[in-house]
Number of protein chains: 2
Amino acid sequence: MLADVIIRAVPSARERVRAELTAEITDAARRQLAEVGAAALSLRAVAREVGMVSSAVYRYFPSRDDLLTRLLVDGYDDLGAAAEAADVPGTAPLDRWLSVCRAVRAWARAHPHEYALLYGSPVPGYQAPQDTVPAAARVGVALGRILGDAARSGDLPETAGERDPGLVTADVVDTLGGEHPSLDETVRVRALLAWSSLFGTISFELFGHFVGSVEDADRYFDRVMTDLARLIGLAPGVDR
Amino acid sequence: MLADVIIRAVPSARERVRAELTAEITDAARRQLAEVGAAALSLRAVAREVGMVSSAVYRYFPSRDDLLTRLLVDGYDDLGAAAEAADVPGTAPLDRWLSVCRAVRAWARAHPHEYALLYGSPVPGYQAPQDTVPAAARVGVALGRILGDAARSGDLPETAGERDPGLVTADVVDTLGGEHPSLDETVRVRALLAWSSLFGTISFELFGHFVGSVEDADRYFDRVMTDLARLIGLAPGVDR
DNA sequence: GGCAGAGCGAGAGCACCGCTCTCGTCACTG
DNA sequence: CAGTGACGAGAGCGGTGCTCTCGCTCTGCC
């Protein structure tokens with residue numbers, strides 16, 4: 001009993017080397033993911049890179065999909081951290097919004113294969129476990145914080161106060177600033193719209209669907225994100 | 001010379017059976033794609049299904065990727081046809097818009113694996129050939145036609161007439177109704193935004209990113225698409 | 001009508017994949 | 001000190017995409 005506690009508190013040498021090797025494997029896998037993409041990620045090649053035989057890797061990851069899951073969670077965390085780092089609380093809502101959006105796009109362009117793993121086609125026959133959810137939500141939470149802060153500081157216009165229970169979840173209501181006169185179902189739906197449009201825009205750019213349509217991707221992105229910010233009231237806006 | 005013409009006009013028996021076998025292979029491949037997804041699509045399994053040995057299939061498709069390309073083009077065409085069939089020219093712009101958007105979503109939900117092939121992660125190391133472009137553009141063209149018709153029939157509000165050459169391509173200007181007082185760069189960018197948001201919304205729904213956020217997917221989709229229609233002026237709209 | 005050649009399917013084979021099982025070794029635990 | 005459990009290596013299974021060779025058959029031309 002006491003020994004157990006001690007063992008758990010101070011990792012044994014065995015546990016330490018195991019953690020190191022696990023990290024070495026995930027690093028090699030991440031490198032290979034960045035090079036050849038998720039579909040071509042080969043557990044055998046990862047094993048070769050760390051100087052192991054393929055079967056030895058199975059001591060650390062039960063399957064290739066588990067290795068992919070690890071990369072998935074790491075990717076969500078890395079992207080989420082980048083988004084949070086780009087946010088500067090206290091500045092103008094539109095600036096915060098644009099800064100986070102640009103950071104997400106920059107991360108996606110810097111890690112195209114990882115982005116495709118996170119937001120592209122799901123791995124067939126693979127169900128994302130529950131522990132990926134918090135990491136996956138970080139970008140959305142960061143964007144929601146901007147909206148909530150703007151509402152509390154009075155930077156958002158009043159709403160019609162529309163209620164529509166059963167449209168979005170209570171979690172979304174919380175994430176988007178909770179109950180507030182400036183936040184009703186219309187705003188919440190639009191915030192979700194802006195959130196998915198951010199990734200829709202980036203996906204279209206990365207996956208080549210804008211080829212032949214958009215000439216200046218940088219300026220296009222900024223304009224679209226600004227329009228979305230106006231749509232949810234984060235910036236003084238004209239029009240419809 | 002004359003013989004050549006005749007041969008080309010009336011397909012020989014050999015050409016006919018070749019066309020039939022090619023169709024049989026693509027049909028089997030489409031079935032397998034719908035079942036197991038693009039990543040797990042096996043050329044050998046397709047061969048087994050049509051009663052061939054794997055090497056024989058290579059007489060018809062040079063590689064697995066070429067088979068996937070065929071399915072890609074077919075998918076774009078099928079989706080494009082569904083979108084066009086849903087459009088009823090002459091009715092109100094918002095109704096046309098919603099009808100096409102709903103048709104795209106319905107097709108995506110009915111063919112999730114094919115949708116993932118079209119709009120999910122691109123196949124690694126695979127570059128879509130040029131002949132996929134026209135098929136891929138059909139949905140965008142259908143949506144653009146609604147906007148152009150609305151502009152010509154005076155259903156769109158006047159614009160500030162903003163010009164911004166180099167932001168979107170001339171093709172997009174043409175597709176979105178050409179030059180018209182009701183169409184300026186602001187509207188065109190928003191139309192592209194709405195287009196990519198349509199697929200961003202569907203992708204998020206299909207790939208599970210809305211789990212835990214959106215409760216009633218049907219109503220959410222309609223509200224978002226209506227907001228997008230208002231954003232580009234297809235419906236009388238309030239707000240910012 | 002016969003013949004050369006092209007198209008075709010089958011089969012073997014290569015290199016690779018994910019994954020499983022066994023076996024000898026080595027370090028840590030009780 | 002003895003025992004046990006984690007570990008890496010290796011062989012092996014069934015699968016994959018793709019290539020090459022071999023006969024057969026059908027076709028178009030002289």
Side-chain angles (χ1 to χ4, degrees), chain A residues 1-25 28-29 32-33 35-71 123-126, chain B residues 1-25 28-29 32-33 35-71 123-126:
Chain A
M1 202 62 145
L2 184 59
D4 272 332
V5 172
I6 292 176
I7 286 173
R8 263 147 223 260
V10 180
S12 71
R14 189 113 93 179
E15 284 175 333
R16 239 190 39 232
V17 64
R18 182 183 175 86
E20 274 173 21
L21 261 179
T22 305
E24 206 170 319
I25 291 172
Q32 208 190 328
L33 170 63
E35 272 178 30
V36 301
L41 191 149
S42 148
L43 192 142
R44 288 177 113 111
V46 171
R48 274 194 299 271
E49 190 170 329
V50 297
M52 272 180 174
V53 85
S54 76
S55 60
V57 179
Y58 284 85
R59 302 276 184 200
Y60 299 87
F61 292 93
S63 78
R64 195 195 86 123
D65 280 3
D66 288 83
L67 185 53
L68 266 183
T69 298
R70 180 56 194 254
L71 298 180
V123 177
Y126 165 77
Chain B
M1 203 62 147
L2 183 61
D4 273 330
V5 171
I6 291 176
I7 287 172
R8 265 147 220 263
V10 179
S12 71
R14 191 114 93 177
E15 283 174 336
R16 240 189 38 231
V17 65
R18 182 182 175 86
E20 274 173 22
L21 262 178
T22 305
E24 206 171 320
I25 291 172
Q32 208 190 329
L33 169 64
E35 273 178 31
V36 300
L41 190 149
S42 149
L43 191 141
R44 287 176 112 109
V46 171
R48 275 194 298 272
E49 192 172 328
V50 298
M52 271 179 176
V53 85
S54 76
S55 59
V57 179
Y58 284 85
R59 301 277 185 198
Y60 300 87
F61 292 93
S63 79
R64 193 194 89 121
D65 280 2
D66 288 84
L67 185 52
L68 268 183
T69 298
R70 180 55 194 253
L71 297 180
V123 177
Y126 164 77

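As the structure is a prediction and not an experimental result, all values here were calculated from the model. Numbered from 1 within each chain, the chains take letters A, B, ... in sequence-line order.
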Do R44(B) and dG15(D) have a side chain to base donor-acceptor pair shorter than 3.5 Å?
no
Any side-chain hydrogen bond (donor to acceptor under 3.5 Å, both in side chains) pairs touching residues 40-62 of chain A, not counting sequence neighbours?
R31(A)-E49(A)
Given atom [atom1] of [X] and atom [atom2] of [N], what is their separation to the nearest angstrom?
X	N	atom1	atom2	value
E24(A)	dC7(D)	CD	P	14 Å
I25(B)	dC8(C)	CD1	P	10 Å
R18(A)	dC7(D)	CZ	C1'	9 Å
R48(A)	dA15(C)	CZ	P	13 Å
L43(A)	dC19(C)	CG	P	7 Å
L21(A)	dC26(C)	CG	P	17 Å
R64(A)	dT20(C)	CZ	P	14 Å
D66(B)	dG17(D)	CG	P	13 Å

Do you see a donor-acceptor pair shorter than 3.5 Å between the side chains of D66(B) and S63(B)?
yes
Let's see if you get this right: which residues in residues 49-59 of chain A place a heavy atom under 4.0 Å from DNA chain D?
M52(A), V53(A), S55(A), A56(A), R59(A)
Residues two or more places apart in sequence or in another chain: which of them pass side-chain contact (heavy atoms from CB on, under 4.5 Å) with E35(B)?
none
Determine the contact category for L67(A): base if any of its heavy atoms lies under 4.0 Å from a base atom, sugar-phosphate if only primed atoms, P, OP1 or OP2 are that close, otherwise nothing.
nothing
With a non-hydrogen cut-off below 4.0 angstrom, is F61(A) in contact with a base, only sugar-phosphate, or nothing?
nothing
Between S42(B) and dG15(D), is there a side-chain N or O to OP1/OP2 distance below 4.0 Å?
no
Is the phosphate of dG7(C) approached by Y60(B) (side-chain N or O, under 4.0 Å from OP1 or OP2)?
no
The reported gap from CD in Q32(A) to CG in L43(A) (rounded to nearest 0.5 angstrom) is 9.0 Å
Minimum heavy-atom separation for L33(A) and A38(A), please, with both atom names.
CD1-N, 3.4 Å
Any side-chain heavy-atom pair from M52(A) and L21(A) closer than 4.5 angstrom?
yes
Kindly indicate, with the supporting measurements, whether the criterion side-chain contact (heavy atoms from CB on, under 4.5 Å) is fulfilled by E24(B) and E20(B).
CA-CA 6 Å; E24(B) 206 171 320; E20(B) 274 173 22; 5.7 Å; no
